[in-house]
2 protein chains.
Amino acid sequence: MIVNKLKDLREKMLKQSVRSEDWTQEGLAKRLGVTRQTIISMEKGTYNPSLVLAFKIAHEFGMAIEDIFEYRAEKK
Amino acid sequence: MIVNKLKDLREKMLKQSVRSEDWTQEGLAKRLGVTRQTIISMEKGTYNPSLVLAFKIAHEFGMAIEDIFEYRAEKK
DNA sequence: CTTAAATGTAAAGTTCACTTTACGTTAAGT
DNA sequence: ACTTAACGTAAAGTGAACTTTACATTTAAG
């Protein structure tokens, strides 16, 4: 199971950023090369990004993957 | 594009490990909960692991995802 | 040399990340 | 109140990650 901080991080950037349009769901989606639906589903936790997308996201936020996504071993 | 060090890392563990059967393709696959085919394809670079699997792999090797997988921006 | 473990290859099937389209709701400015 | 940007939801389609099965090749050890 993977937990992520995407929603909080993006909303924080939205508030802080001068170019706030860069951090709307749509703005971020465009920079990542995905659709807005993809952002929504990730923020909701409906599904996990691919490793490639996780790398792109980490790059956009200037953080390591492990700072944004946390893996928790499944409870069997 | 993602480059990985899986083959080298696993072979290194194979040589160093006392319980070498833990680091055969089959042994590693079982611990990761995937098939041997999956290991082969990742080592060949045929496909990239999901983020969940990347986390599990990093955990098995005791390393960070970024130490095993490297993202290189696509040349358009 | 022989045998068995480990690795490689190939191909069809399943699942899920991601797209596409379309419409509904919320928030904020004027 | 009106408008519009931003956010949310739903559902069908595509492609790639991953499985399953089966067989062939390499490597190491007796």
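Below, read A as the first sequence line, B as the second, and so on, with proteins coming before strands; counting in each chain starts at 1.
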Write down the distance between [atom1] ([X]) and [atom2] ([N]), rounded to a whole number of angstrom.
{"X": "A:Asp22", "N": "D:dA6", "atom1": "CG", "atom2": "P", "value": "11 Å"}
{"X": "B:Ile2", "N": "C:dA17", "atom1": "CD1", "atom2": "P", "value": "15 Å"}
{"X": "B:Leu28", "N": "C:dT7", "atom1": "CG", "atom2": "P", "value": "10 Å"}
{"X": "A:Met42", "N": "D:dT9", "atom1": "CE", "atom2": "P", "value": "16 Å"}
{"X": "B:Tyr47", "N": "C:dC16", "atom1": "OH", "atom2": "P", "value": "15 Å"}
{"X": "B:Glu21", "N": "C:dT7", "atom1": "CD", "atom2": "P", "value": "12 Å"}
{"X": "A:Leu51", "N": "D:dG15", "atom1": "CG", "atom2": "P", "value": "22 Å"}
{"X": "A:Ile39", "N": "C:dT19", "atom1": "CD1", "atom2": "C1'", "value": "13 Å"}

Neighbour count >12 (heavy atoms, 6.0 Å) for atom CD, A:Glu60: yes

Would you say that more than 12 heavy atoms from the other residues, nucleotides or ligands in this model lie under 6.0 Å from the CD of B:Glu26, or not? no

Hey, does [X] reach any base, or is it just sugar-phosphate, or nothing, if we go heavy atoms under 4.0 Å?
{"X": "B:Leu14", "value": "sugar-phosphate"}
{"X": "A:Gly33", "value": "sugar-phosphate"}
{"X": "A:Thr24", "value": "sugar-phosphate"}

Main-chain N/O of [Y] paired with [X] side-chain donor or acceptor, under 3.5 Å:
{"X": "B:Glu70", "Y": "B:Asn4", "answer": "no"}
{"X": "B:Thr24", "Y": "B:Glu21", "answer": "yes"}
{"X": "A:Arg10", "Y": "A:Trp23", "answer": "yes"}

If only side-chain N and O atoms count, and only distance matters, is there a donor-acceptor pair under 3.5 Å linking A:Ser41 with A:Thr38? no

Short N/O separations, protein against nucleotides 8-13 of chain C, under 3.5 angstrom:
from, atom 1, to, atom 2, distance (Å)
C:dG8, OP1, B:Lys7, NZ, 3.2
C:dG8, OP2, B:Gln25, NE2, 2.7
C:dG8, N7, B:Arg36, NH1, 3.2
C:dG8, O6, B:Arg36, NH2, 2.8
C:dT9, O4, B:Gln37, NE2, 2.5
C:dA10, N6, B:Gln37, NE2, 3.1

Comparing nearest nucleotides in DNA chain C, the 5'-proximal residue of the pair A:Thr38, B:Glu26 is B:Glu26

Quick note, A:Ser50 side chain, CB onward, closest among D:dT20, C:dT19, C:dC18 is C:dC18

Which heavy atom of B:Glu66 sits nearest to which heavy atom of A:Phe55, and what is that distance? CG-CE2, 4.1 Å

